[in-house]
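Written below as structure tokens is the structure these notes are about.
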Amino acid sequence: MQLFDTQETSQKTDAQKQAILDNVRLPDDWKQALADELTSENMDNLRNFLKDAYKSEHAVFPPAHLMFNAFNLTPLSKVKVVILGQDPYHGAGQAMGLSFSVPKAIPKPPSLNNILKEMADDIGTQYPKHGDLTHWAEQGVLLLNSSLTVQEGMPNSHQNQGWEVFTDAVIDVINEQTEHTVFILWGSKAQKKGKYIDTDKHLILTAVHPSPLAANRGGFFGSKPFSKTNDYLQQHGKAPIDWQLV
């Protein structure tokens, strides 16, 4: 796709903006809601950064075709829950464009392992054999990372390149355009990112991060985010999430 020089961003025509949107692989409702951000100078800069990053000798995760996997599996019209992570897993084969999720054949990382333990204890489901959370995403759980890409072996390596601005815009859209959405914010970074969420319209559930270092100190296990989410959804006339991974 032709990327525009950042100096010309303020002078983009409607046709130029539409050309950008036509090349973004997102559901139409996300594209419409995020049109201003997707055609912004921030995203021009981020596209240039990612173009170079994916062409470099260093592997970038997830693969480019899975970068917007969370949005493609969970259109805006279906969002009922948001689980906010930091950035993708940085090991080969792990990242799949969904926060905390790994493909079925990949061993569960420690944070995900703790999430699934809490799920089993909270709602009495079986502890799953895999960590692929696609089933959640398909029901309206937006598995969103603050940054959507990372360099292999280097956590947080794509911070401050523009992703945070983009995902702030995503949270703003959900806050403004949906009703009675549950935001699950684990850890201080996720909680800071959600500080402008309207608590009169939505439910915010917070706890320490599920990583072993934080979770084992207390405050994550026993927080019951899964049952609390379903109770809230049902109170507001929405179908609960089937959390069981089969």
Side-chain angles (χ1 to χ4, degrees), residues 1-10 12 16-27 30-31 33-74 82-103 105-107 109-112 131-134 137 142-173 187 189-190 192-193 209 211:
M1 163 174 120
Q2 181 64 42
L3 298 171
F4 301 103
D5 293 336
T6 56
Q7 297 93 326
E8 300 176 356
T9 301
S10 61
K12 285 193 185 85
Q16 287 173 322
K17 291 179 180 179
Q18 189 60 51
I20 292 175
L21 295 175
D22 288 344
N23 283 281
V24 176
R25 296 178 180 177
L26 286 175
W30 278 121
K31 283 205 281 189
L34 294 168
D36 288 344
E37 176 57 29
L38 290 168
T39 58
S40 69
E41 180 177 342
N42 175 66
M43 290 302 288
D44 287 345
N45 294 335
L46 179 56
R47 288 186 191 97
N48 284 323
F49 169 77
L50 292 173
K51 182 178 178 181
D52 291 340
Y54 276 101
K55 286 183 176 180
S56 74
E57 62 185 17
H58 304 291
V60 173
F61 301 131
H65 72 280
L66 293 177
M67 189 186 305
F68 291 124
N69 197 25
F71 301 91
N72 289 315
L73 288 173
T74 314
V82 179
I83 298 180
L84 186 61
Q86 187 168 328
D87 63 349
Y89 295 122
H90 54 86
Q94 292 181 309
M96 55 184 297
L98 305 174
S99 62
F100 296 106
S101 181
V102 292
I106 300 297
S111 292
L112 177 56
D132 184 344
L133 307 182
T134 298
L142 182 68
L143 296 164
L144 179 67
N145 279 315
S146 294
S147 297
L148 301 191
T149 56
V150 70
Q151 182 177 315
E152 181 176 17
M154 294 186 64
N156 305 321
S157 52
H158 286 187
Q159 283 191 350
N160 302 318
Q161 298 294 340
W163 277 131
E164 294 87 352
V165 175
F166 171 76
T167 51
D168 279 348
V170 171
I171 292 173
D172 286 343
V173 163
K189 289 185 178 180
K192 287 177 183 176
K193 198 169 181 70
H209 196 274
S211 65

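Only this structure's heavy atoms are used, side chains among them; waters, hydrogens and symmetry mates stay out.
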A side-chain contact here means heavy atoms from C-beta on lying under 4.5 Å apart; do [X] and [Y] qualify?
X	Y	value
Leu84	Ser99	no
Ser146	Lys189	no
Glu164	Ser147	yes
Val24	Phe71	no
Arg47	Ile20	yes
Met96	Thr134	yes
Leu38	Phe166	yes

Walk me through it: do Leu50 and Trp163 pass the test side-chain contact (heavy atoms from CB on, under 4.5 Å)?
-> CA-CA 11 Å; Leu50 292 173; Trp163 277 131; 3.5 Å; yes

Quick one: does [X]'s side chain have a donor or acceptor within less than 3.5 Å of a partner on [Y]'s backbone?
X	Y	value
Lys31	Leu21	yes
Thr74	Ala137	yes
Ser157	Gln151	yes
Asn69	Leu98	no

In chain order, what residues pass the salt bridge (charged side-chain N to carboxylate O under 4.0 Å, His left out) check against [X], with sequence neighbours excluded?
X	value
Asp132	Lys104
Asp172	none
Lys193	Asp168

By side chain to side chain donor-acceptor pair (under 3.5 Å), which residues pair with Asp22, not counting sequence neighbours?
-> Gln18

Where Gly131 and Ser101 come nearest, the two heavy atoms and their spacing = O-OG, 3.4 Å

What pair of heavy atoms forms the shortest contact from Gln94 to His90, and how long is it?
-> OE1-N, 4.1 Å

Step-by-step side-chain contact (heavy atoms from CB on, under 4.5 Å) determination, Val170 to Val82 = CA-CA 11 Å; Val170 171; Val82 179; over 6 Å; no

Nearest 0.5 angstrom please: [X] [atom1] to [Y] [atom2], how far?
X	Y	atom1	atom2	value
Trp30	Leu142	CH2	CG	5.5 Å
Leu73	Leu143	CG	CG	8.5 Å
Arg25	Asn72	CZ	CG	9.5 Å
Leu66	Leu148	CG	CG	11.5 Å
Met43	Glu41	CE	CD	13.0 Å

Starting from the C-alpha separation in whole Å, work towards a yes-or-no answer on side-chain contact (heavy atoms from CB on, under 4.5 Å) for Glu37 and Val173.
-> CA-CA 11 Å; Glu37 176 57 29; Val173 163; over 6 Å; no

Applying salt bridge (charged side-chain N to carboxylate O under 4.0 Å, His left out), which residue pairs with at least one partner in residues 151-162 are found, sequence neighbours left out?
-> none

For residues 54-63, run the donor-acceptor check on the side chains, cut-off 3.5 Å, and write out each pair with its distance to 0.1 Å, sequence neighbours left out.
from	atom 1	to	atom 2	distance (Å)
Tyr54	OH	Pro62	O	2.8
Ser56	OG	Ala53	O	2.8
Ser56	OG	His58	N	3.3
Ser56	OG	His58	O	3.3

Could you please spell out the steps behind the side-chain contact (heavy atoms from CB on, under 4.5 Å) verdict for Leu46 and Val165?
-> CA-CA 10 Å; Leu46 179 56; Val165 175; over 6 Å; no

Kindly assign one of parallel, tilted or perpendicular to the pair His158 and Phe49, based on the angle between their ring planes and the thresholds 30° and 60°.
-> perpendicular

